[in-house]
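I have placed the structure first, in the form of structure tokens, so that the comments after it can refer back to it.
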Amino acid sequence: MDGRTREYLEGRFGDYYRSAAVPLPPAPGEREWGVIPWSAGGTRMHRHQSLLDLGDLDDYLTRSAPRHVYFSSARFSDPGASSMDEKGWRGADLVFDIDADHLPGVDPDETNYADMLEFGKEALLDLVDLLERDFDFDEMQVVFSGGRGYHVHVRDDSVRQLDSDARREIVDYIRAIDLDVEGLIETRQYGTTTRRVLRTEGGWGRRTHQRLLDFADGLMEMEEDAALERLMELDGIGEGRAKTILGTFRNNPEAIRDGNVEAGGPGVRTLVEALANETVEDETSPIDEPVTTDTKRLIRLPKSLHGGSGLVVQPLDRDEIDDFDPLVDAVPDRFRGEETTVKVTDAGPVTFDGDTFTLQSGVQSVRESLGIFLMTRGRAEKVQQ
């Protein structure tokens with residue numbers, strides 16, 4: 001990035017911070033702070049700063065207009081100390097990071113930015129569902145990172161003292177790493193007999209059981225031939241087992257509601273195993289493990305600007321996630337309404353602020369919000385008006 005472009009972006013970031021209200025995280029004086037300035041020759045972070053070092057945050061951001069702003073997930077006795085050992089760790093939020101370009105099946109070279117962000121939102125919804133239903137966390141903040149994905153900050157008292165190993169166990173659960181499908185089934189005593197049933201009270205057993213119920217309901221709405229064909233699509237289920245399973249669904253629905261994997265013979269057990277694998281594949285969330293297991297991680301400050309996109313690091317309420325479009329809703333209003341002149345250096349398609357079009361190379365006048373987006377992403381340079 002050339003000097004004129006950096007100078008222009010630094011000035012406009014400062015204008016944003018002059019009019020923006022950037023909220024502080026809980027216990028801001030106990031956090032380490034870090035910034036990356038608009039300096040030439042790299043993106044070196046200036047860290048090991050406390051809020052006392054920065055002073056009033058709004059004033060600091062307006063004066064310095066940094067390229068990126070971070071704060072620590074951890075709380076410290078002396079957050080401004082120059083080494084981690086001297087800081088005095090006092091606990092940390094549990095942080096999750098979803099990077100759209102690291103998602104399974106996403107090739108950053110083949111998938112455009114807008115589509116990657118949409119895939120990231122789908123992974124976020126899976127993650128939030130897991131955190132709410134399986135962990136019952138209450139104090140969560142969901143944030144669009146401003147760049148490639150989303151962050152979730154969990155601040156329940158129950159997680160603050162967890163060490164890296166304990167946090168890794170949470171990661172393993174969410175990603176269903178080494179999940180023992182057989183372990184989703186338990187043996188229960190019913191009078192003088194025993195019965196093998198799905199663990200329906202919670203966790204991956206409950207999720208598999210719900211998929212079994214939904215699957216059974218779907219079969220009941222089909223014609224018999226279509227239902228049998230659907231069952232035989234699953235490995236290990238031939239025509240005989242398919243007929244037995246279908247008969248069980250019709251004649252003994254109470255057993256299915258109870259999670260009884262013995263009803264209908266080995267065919268139902270085969271079906272449950274197949275549905276458990278489908279559940280894991282569809283409902284796990286591909287979170288970035290090192291972020292969650294790191295008890296001293298620096299994470300982007302909500303409502304700051306992302307220096308690689310010019311978008312707002314946007315906090316989201318739970319009911320806002322479904323309809324959130326980062327390439328519209330995270331565009332700063334401060335950058336709307338004017339035009340700027342840029343030299344497009346990376347032509348091609350772009351989706352931004354509700355429009356999709358193809359950029360041509362060379363000098364041209366564009367909406368300022370788009371120009372800032374292109375410059376921060378290395379697709380254009382600032383030229384004199």
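Only this structure's heavy atoms are used, side chains among them; waters, hydrogens and symmetry mates stay out.
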Please tabulate, one pair per line, all N/O donor-acceptor pairs under 3.5 Å involving side-chain atoms of residues 215-238, not counting sequence neighbours.
{"from": "Arg230", "atom 1": "NH1", "to": "Glu233", "atom 2": "OE1", "distance (Å)": "3.2"}

**Study point:** Test side chain to side chain contact (heavy atoms under 4.5 Å, CB included) applied to Asp107 - qualifying residues, sequence neighbours left out
**Key:**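 For Asp107, the residues satisfying side chain to side chain contact (heavy atoms under 4.5 Å, CB included) (neighbours in sequence not counted) are Asp109, Glu110.
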Revision key, fill the gap. Salt bridge (charged side-chain N to carboxylate O under 4.0 Å, His left out) filter on Asp165, not counting sequence neighbours, yields Arg168
Point to revise | Qualifying residues under salt bridge (charged side-chain N to carboxylate O under 4.0 Å, His left out), relative to Arg160, sequence neighbours excluded | key: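 Partners of Arg160 under the salt bridge (charged side-chain N to carboxylate O under 4.0 Å, His left out) test: Asp157.
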Review point. What pair of heavy atoms forms the shortest contact from Pro79 to Gly29, and how long is it?
Key: CG-O, 3.4 Å
Practice item. Could you pull out the closest heavy-atom pair between Pro302 and Val22, with the gap in Å? Key: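 In terms of heavy atoms, the two residues are closest at O-CG1, 3.6 Å.
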Say whether, by atom type as modelled, one donor and one acceptor occur between the side chain of [X] and the main chain of [Y] under 3.5 angstrom.
X: Asp156; Y: Asp138; answer: yes
X: Asn112; Y: Ala114; answer: yes
X: Asp99; Y: Asp101; answer: no

Review point. Would you find more than 12 non-hydrogen atoms of other residues, nucleotides or ligands less than 6.0 Å from Glu7 atom CD?
Key: no
Check your understanding: How would you list, by chain and number, every residue that makes a ring-ring contact (aromatic ring centres under 6.0 Å, His included) with Phe249, sequence neighbours excluded?
Key -> none
Taking atom types as modelled, is there a side-chain donor on [X] or [Y] under 3.5 Å from an acceptor on the other?
X: Asp214; Y: Gln210; answer: yes
X: Thr279; Y: Arg211; answer: yes
X: Ser50; Y: Asp53; answer: yes

Hydrophobic clusters here meaning ILVMFWY residues chained together by side-chain heavy-atom distances under 4.5 Å, can you tell me if [X] and [Y] are in one?
X: Leu298; Y: Tyr60; result: no
X: Val142; Y: Phe119; result: yes
X: Val95; Y: Leu125; result: yes
X: Leu124; Y: Val143; result: no

Donor-acceptor pairs under 3.5 Å, side chain of residues 197-204 to any protein atom, not counting sequence neighbours: which ones?
{"from": "Arg199", "atom 1": "NE", "to": "Gly183", "atom 2": "O", "distance (Å)": "2.9"}
{"from": "Arg199", "atom 1": "NH1", "to": "Glu186", "atom 2": "OE1", "distance (Å)": "3.1"}
{"from": "Trp204", "atom 1": "NE1", "to": "Tyr173", "atom 2": "O", "distance (Å)": "3.1"}

Exercise for review: Determine, stepwise, if the pair Ile170 / Phe135 fulfils side chain to side chain contact (heavy atoms under 4.5 Å, CB included).
Suggested key: CA-CA 9 Å; Ile170 293 175; Phe135 290 90; 3.9 Å; yes
Review point. Can Gln141 and His151 be said to form a side chain to side chain contact (heavy atoms under 4.5 Å, CB included), step by step?
Key: CA-CA 8 Å; Gln141 182 182 41; His151 301 151; over 6 Å; no
Review point. Relative to Tyr113, does Arg377 satisfy both conditions: NZ or CZ under 6.0 angstrom from the six-membered ring centre, and within 45 degrees of the ring's axis?
Key: yes
Exercise for review: Would you please classify the geometry between the Trp38 ring and the Phe13 ring as parallel, tilted or perpendicular, with 30° and 60° separating the classes?
Suggested key: perpendicular
